Amino acid sequence: GYRFNVTQDSNSLRITSPIDSNKTPEQKEEIWIFGCSFTHGWAINDEETFAWLLQEKFQEYKVVNFGVSGYGTIHSMIQFREALKTKTPTVAILAYAEFHDKRNTFSRTRRKGIAPFNKLGPLVQPYARVDGQGKLQYFFADVEYPEFPLMRYSALAHFIEMKYNQLESKLHRSHVVSEALVLEMAQLAKEHDVKFILANVHLGHAMLDFAEKHNILNIDISVDRRIPENTNQPHDGHPSALANMKIADKLEKFLETTLLEFGNGDLHAETN
């Protein structure tokens, strides 16, 4: 079997340092990291996640891991907006992957991939669209998948259903929606005087190019998961502990250099 330890704090977020119930929490400036299971650290232990490793390096800051398995950019946007109601971080990092695009529009392809496996009962999913003026519109939908007639019994019916799903994904312009969400997060960060970073966590560079075009701080922290040691295969395909070390190293160097160049005060890594 394959086992790993996951610990969530009282806010349901994965911990980034050991829990000491007898210690009074220190008031520190914070670094927030948003993302999906890659950020949450699925299939590895608490102390192996890149958020934990960053916390070890930046001990004068509190690193907060907002990552949740199955989340997309729209979820990160909602988390960011809600969290800002009570606190303001020094830095907000969005760990983006291109597979978040379909999550952000909750396309039929995405619904087909999750609805049959839902064992939690009725669920509601947020999603977004871009209107004719390029503005974001937000909606909610039940986590259900309306199947095509006979698709479970006819290869032709299933083929037509798959082609329809592909067409729908194009019409939703899922990547354009993701770009709009990134811009909205960046604008929200600016309004609260927060340094916002777009971190590409999974291959592809389209969003990095978009961020560069719009003067958004960005970095590629992806690792090549075709290399066996970068995953937890044969048990799981998520980034391994070694891959998380590589990701943390890239982010550490970026926070030490680029942010200092942009005048972010005394942000520096703790050396041991």
Side-chain angles (χ1 to χ4, degrees), residues 11 13-17 28-42 49-69 71-84 87-98 100 104 178-179 181-205 207-208 210-212 214-223 239 243-265 267-270:
N11 294 316
L13 303 178
R14 192 165 193 182
I15 62 172
T16 59
S17 62
K28 298 180 178 180
E29 293 185 50
E30 298 186 357
I31 299 173
W32 293 357
I33 310 176
F34 298 89
C36 63
S37 55
F38 282 32
T39 300
H40 178 260
W42 185 252
T49 67
F50 72 82
W52 182 293
L53 297 175
L54 278 181
Q55 180 65 84
E56 290 184 332
K57 296 294 184 180
F58 295 93
Q59 295 180 18
E60 67 272 43
Y61 286 79
K62 179 181 179 182
V63 176
V64 183
N65 185 350
F66 282 89
V68 178
S69 294
Y71 271 20
T73 318
I74 187 168
H75 300 87
S76 296
M77 175 64 205
I78 294 170
Q79 287 179 304
F80 189 37
R81 182 188 291 142
E82 290 301 308
L84 283 172
K87 200 158 191 176
T88 302
T90 300
V91 181
I93 302 171
L94 172 64
Y96 165 84
E98 82 283 350
H100 293 168
N104 295 332
S178 295
E179 291 176 341
L181 286 165
V182 168
L183 281 180
E184 189 155 321
M185 286 190 73
Q187 180 59 36
L188 189 57
K190 183 178 180 180
E191 292 170 0
H192 289 79
D193 196 25
V194 176
K195 293 294 183 183
F196 179 73
I197 300 171
L198 185 286
N200 186 68
V201 76
H202 181 262
L203 304 178
H205 293 84
M207 191 61 80
L208 289 172
F210 176 81
E212 193 69 28
H214 290 272
N215 298 314
I216 296 172
L217 290 173
N218 62 89
I219 179 176
D220 185 8
I221 60 172
S222 64
V223 295
N244 273 257
M245 289 178 63
K246 296 176 181 178
I247 292 171
D249 184 60
K250 292 179 182 181
L251 276 174
E252 177 193 350
K253 289 180 172 62
F254 188 83
L255 290 170
E256 284 181 310
T257 57
T258 305
L259 287 184
L260 282 175
E261 293 174 5
F262 279 77
N264 201 68
L267 186 66
H268 63 280
E270 189 79 12

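All values derive from a computational prediction rather than experimental measurement. One is the number of the first residue; the rest follow in order along the sequence. Atoms considered below: every heavy atom in the structure, side chains included; atoms not considered: hydrogens, waters and symmetry mates.
Using cut-offs of 30° and 60° on the angle between ring planes, the pair His100 and Tyr96 is perpendicular. Using the six-membered ring where Trp is involved, Phe66 and Phe34 have ring planes that are parallel, under 30° apart on the 30 and 60° scheme.
Of all heavy-atom pairs between His40 and Val68, the closest is CB-N, 4.0 Å. The minimum heavy-atom distance between Asn244 and Leu53, with the atom names listed, is O-CD1, 3.8 Å. Across Thr39 and Phe50, no two heavy atoms sit closer than the pair CA-CE2, 3.7 Å. Of all non-hydrogen atoms in Thr49 and Gly41, the two that sit nearest each other are CG2-CA, 3.9 Å. Across all their heavy atoms, Val194 and Ala92 have their closest contact at CG1-N, 3.7 Å. Closest approach of Met185 and Met77 over heavy atoms only: CG-SD, 3.3 Å.
Between the Lys28 side chain and the Gln59 main chain, a donor and an acceptor come within less than 3.5 Å of each other. Between the Asn218 side chain and the Leu198 main chain, no donor and acceptor come within less than 3.5 Å of each other.
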Does Glu29 form a side-chain contact (heavy atoms from CB on, under 4.5 Å) with Tyr61? I'd like the steps, not just the answer. CA-CA 5 Å; Glu29 293 185 50; Tyr61 286 79; 3.6 Å; yes

Could you walk me through whether Ile93 and Ile219 pass the side-chain contact (heavy atoms from CB on, under 4.5 Å) test, one step at a time? CA-CA 10 Å; Ile93 302 171; Ile219 179 176; over 6 Å; no

Check the pair Glu179 / Met207 against side-chain contact (heavy atoms from CB on, under 4.5 Å), numbers first and verdict last. CA-CA 7 Å; Glu179 291 176 341; Met207 191 61 80; 4.0 Å; yes

Going through the checks in order, is the side-chain contact (heavy atoms from CB on, under 4.5 Å) test met by Ile216 and Val182? CA-CA 9 Å; Ile216 296 172; Val182 168; 4.0 Å; yes

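When side chains are defined from C-beta on, Leu84 counts as touching Trp32, because their heavy atoms get closer than 4.5 Å. Between Arg14 and Trp42 there is no side-chain heavy-atom pair separated by less than 4.5 Å. For the pair Phe196 and Gln187, the minimum side-chain heavy-atom distance is 4.5 Å or more.
One distance of note links OG1 of Thr73 with CD1 of Ile78; it measures 11.0 Å at 0.5 Å rounding. Of the inter-residue distances, the one linking Glu98 atom CD with His202 atom NE2 reads 5.0 Å to the nearest 0.5 angstrom. One distance of note links CG of Leu183 with CZ of Phe210; it measures 3.5 Å at 0.5 Å rounding. A distance of 11.0 Å separates NZ of Lys195 from NZ of Lys190, quoted to the nearest 0.5 Å. A distance of 5.5 Å separates NE2 in His192 from OG1 in Thr88, rounded to the nearest 0.5 Å. In this structure, CZ on Phe38 lies 10.0 Å from OG on Ser222, to the nearest 0.5 angstrom.
The number of heavy atoms from other shown groups lying within 6.0 Å of CD (Glu212) does not exceed 12. For Trp52, the CH2 atom is densely surrounded, since the number of other residues' heavy atoms within 6.0 Å is greater than 12.
Donor-acceptor pairing under 3.5 Å is lacking for the side chains of Asn65 and Thr16. Judged purely by distance below 3.5 Å, without hydrogens or angles, the side chains of His205 and Asn200 never pair a donor atom with an acceptor atom.
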